[in-house]
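A short worksheet on the structure shown next.
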Amino acid sequence: MIHKFIFDDTRMVFDVHSGALHIVDELIWDLLEAYGALPEEELAQSLSGKYLEEDISEALEEIKELTDKNILFSPDPLGGAYKPPGESVVKALCLHLAHDCNLSCRYCFAGQGKFGGAPGLMTAEVGRKALEFLVNSSGERHHLEVDFFGGEPLLNFDVLRMLVDYGRSLGREKGKEIKFTVTTNAILLDGRIGDFLNKNDISVILSIDGRQGVHDAMRPFRDRKGSYDVVVKNIKSFLESRDYRDYYVRGTYTALNTDFSCDVEHLASLGFDNISLEPVVAGEKDHYSLRDSMFSQISSEYEKLTRSILKMTKEGRHINFFHFNIDFEGGPCLPKRMSGCGAGHQYLAVDPPGTLYPCHQFVGREEFVLGDVFTGVRRGDLTRLFRNSHLYRKEGCGQCWAKFHCSGGCHANAVIHNGSIEKPYSPGCLLAKKRLECAMYLAQWKNAPDKS
Amino acid sequence: MGKHIRTVNANQAILRSTLQGRGCGECQASCQSACKTSCTVGNQVCLKEKKQ
C-alpha cells in the first residue's frame with residue numbers, strides 16, 4: 001500500500017507497511033499512477049509521448065529495486081491480523097487531583113474541572129492507594145507514569161508533593177521507576193511550586209492557547225477577566241528557572257481561531273520551543289466546535305504552519321510542534337502502533353474519590369467505571385474490550401495509509417461521536433492525515449542534500 | 001539515492017523488523033505526553049531503541 005501526495009511541488013510517496021518515505025520526480029509519480037494495474041510495456045507506452053524511452057526504463061528499474069528491498073509496495077508485516085497480549089498490565093495513571101478549577105474555560109471538557117459531578121480534591125489516602133494500585137498492577141513493567149491532572153491539580157499541591165515522595169519510596173521498594181508529569185493552567189505556578197517540580201524532575205504541560213485575544217476569550221478567570229497576563233508571566237518565570245527543559249506549552253484551537261498557525265507563531269515569539277496545539281473536543285451545539293465545513297480551511301492552516309515552522313528552522317529557530325515531531329528513522333514498534341494509546345487497559349484515570357476510568361476523557365461516565373483503587377478493576381469485560389480494540393478491529397483503519405502512525409485514533413472521540421470505540425471519529429482522521437503529511441514534508445527537508 | 005527517487009529513511013524504514021524483540025511496553029503512554037485530546041502514537045519514543 002502506498003500514499004502519494006504533493007506538498008509545495010515536492011512529490012512524496014509513503015510506503016505504508018515499511019514506513020519508507022520517498023521523494024520522487026514527475027516521471028515516477030506518473031508511473032505509479034498505474035503501476036501494477038497495467039503491464040509494464042503498456043505503461044511505458046502510455047507515457048512515451050511525455051518522456052524519453054530510456055528514462056522510463058530507468059525509472060521502472062528504480063521502482064523494481066525499491067520493491068525488491070521491501071520499501072515500496074511492501075506487504076503488511078502482520079498480514080492484516082493481530083492478536084494482542086493475553087494479559088493487561090497497567091503502566092500509566094492520570095490522577096485527577098482536583099475536580100475544581102481556578103479558571104472557567106469555556107471549552108472545558110471537564111465541565112470547569114468537575115466532570116459533571118461535585119467539586120472535590122483527592123485525599124492523600126486515595127492518592128496513595130492509586131499509586132499502590134499502579135505498582136501492583138504493573139507486572140514486569142519497570143517504567144511507570146503518573147500525570148497529575150484536574151481540573152487544576154495545583155489546587156491540591158500538598159497532596160501532589162506527598163504523592164511524589166510516596167511514589168519515589170514505593171518505586172525503590174518495588175523496583176519501579178515512576179515518571180511524574182503535571183498538566184497545569186499555570187495560575188498557581190509560583191517559585192515555591194516551581195522549585196519542587198524542578199528538584200523532582202517533573203515534566204510539565206502548561207496550558208496556553210496563543211494570542212492574548214484568543215486565550216482570554218476561552219480561558220478566563222471565574223470573574224470573566226482574561227488569564228493571559230498571569231499565565232505568560234508564570235510560565236516564563238518557571239521555564240527560566242528550569243532552563244527551558246522538560247515541558248510543552250499546550251493549547252486548544254476552536255472554531256474561533258482556525259487561523260491557529262498565528263497562535264503557534266505567537267507562542268514561539270514568547271520564547272517557547274515545545275508547542276502542542278490541539279483541536280477542541282466539543283459537542284456539535286457549542287458555538288466554538290469545529291464543523292465539517294471548516295476542515296478544508298483547517299487543513300490549509302496546517303500547511304501554513306508547516307511553512308512557518310520551516311521558515312523558522314531555516315532561520316535557526318527549532319520549534320518542536322508535537323504533531324509534526326515524527327521520527328521516520330525509528331519510533332515505536334509495531335505492537336505499540338497496533339495498540340495505540342493504551343486507554344482502558346494500560347492507561348487509566350482516577351477521579352478524586354478513587355474511581356477508575358479508561359482515561360481522563362471518560363471520567364464521569366457511569367457506564368465506563370472500571371472499578372476503584374481500593375478493590376481494583378471489576379469490569380474485566382471493559383478492559384478486554386479496550387485491549388482488543390486494536391487497529392485492525394477499527395472500522396476502516398486496515399485500509400488507511402496513516403494507520404501505523406495514528407493507531408486508530410482516540411477511543412474517547414470515537415465513543416463521543418459514534419457511540420463505539422471501534423468506529424473512529426472521521427474528522428479526527430482527516431486532521432491526523434494532514435498533520436502526518438506535514439510532518440513528512442518537514443522530515444524530507446531535514447534529510448535533503450540541498451536545503452535551499 | 002536513485003536518479004528519480006530519493007528515499008528519506010532507507011536504512012531504518014522496515015517496520016517488520018520491530019516485531020522481533022520489541023513490544024516490551026516500557027515506552028510512554030501516548031496520551032500522557034502533551035496531547036490529552038488526540039491520540040498520536042507515531043511520535044512516541046522507543047526506550048529500547050533510545051538506549052542502543
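Atoms considered below: every heavy atom in the structure, side chains included; atoms not considered: hydrogens, waters and symmetry mates. Proteins come first, then strands; the chains are lettered A, B, ... in the order of their sequence lines, and each starts at number 1.
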Point to revise | Region of A:F149 in contact with chain B, defined by heavy-atom distances below 4.5 Å | key: side chain
Exercise for review: Show your reasoning for whether side-chain contact (heavy atoms from CB on, under 4.5 Å) applies to A:W401 and A:L436.
Suggested key: CA-CA 10 Å; A:W401 66 265; A:L436 189 50; 3.4 Å; yes
Review point. Contact part of A:L277 toward chain B, heavy-atom cut-off under 4.5 Å: side chain, backbone, both or neither?
Key: neither
Check your understanding: In terms of heavy-atom proximity below 4.5 Å to chain B, should A:K336 be classed as side chain, backbone, both, or neither?
Key -> both
Review point. Which bit of A:V16 is near chain B, if near means a heavy-atom gap under 4.5 Å: side chain, backbone, both or neither?
Key: backbone
**Study point:** Proximity breakdown for A:D55 and chain B, heavy-atom pairs closer than 4.5 Å
**Key:** both
Study note, to complete from the structure: From the list A:A443, A:A448, A:A343, the residue making the most non-hydrogen contacts under 4.5 Å with chain B is A:A448
Practice item. Say whether B:T7 and A:H22, considering side chains only, have a donor N or O and an acceptor N or O under 3.5 Å apart. Key: yes
**Study point:** Modelled atom types, side-chain donor and acceptor of A:S389 and A:K394, under 3.5 Å
**Key:** no
Check your understanding: Does a donor on one side chain and an acceptor on the other come within less than 3.5 Å for B:E26 and A:H142?
Key -> no
Review point. Under 3.5 Å, is there a donor-acceptor pair linking the side chains of A:E65 and A:T67?
Key: no
Practice item. Please state whether the side chain, the backbone, both or neither of A:E140 comes within less than 4.5 Å of a heavy atom of chain B. Key: backbone
Point to revise | Side chains of A:R337 and A:S339, donor plus acceptor under 3.5 Å | key: no
Exercise for review: Go through the atoms of A:K69 and report whether side chain, backbone, both or neither lie under 4.5 Å from a heavy atom of chain B.
Suggested key: backbone
Point to revise | Winner by heavy-atom pair count (cut-off under 4.5 Å) against chain B, out of A:S203, A:P335, A:G331 | key: A:G331
**Study point:** SB check A:E437 A:K433 (cutoff 4.0 Å)
**Key:** no
Point to revise | Per-residue contact mode, A:L144 against chain B (heavy atom under 4.5 angstrom) | key: neither
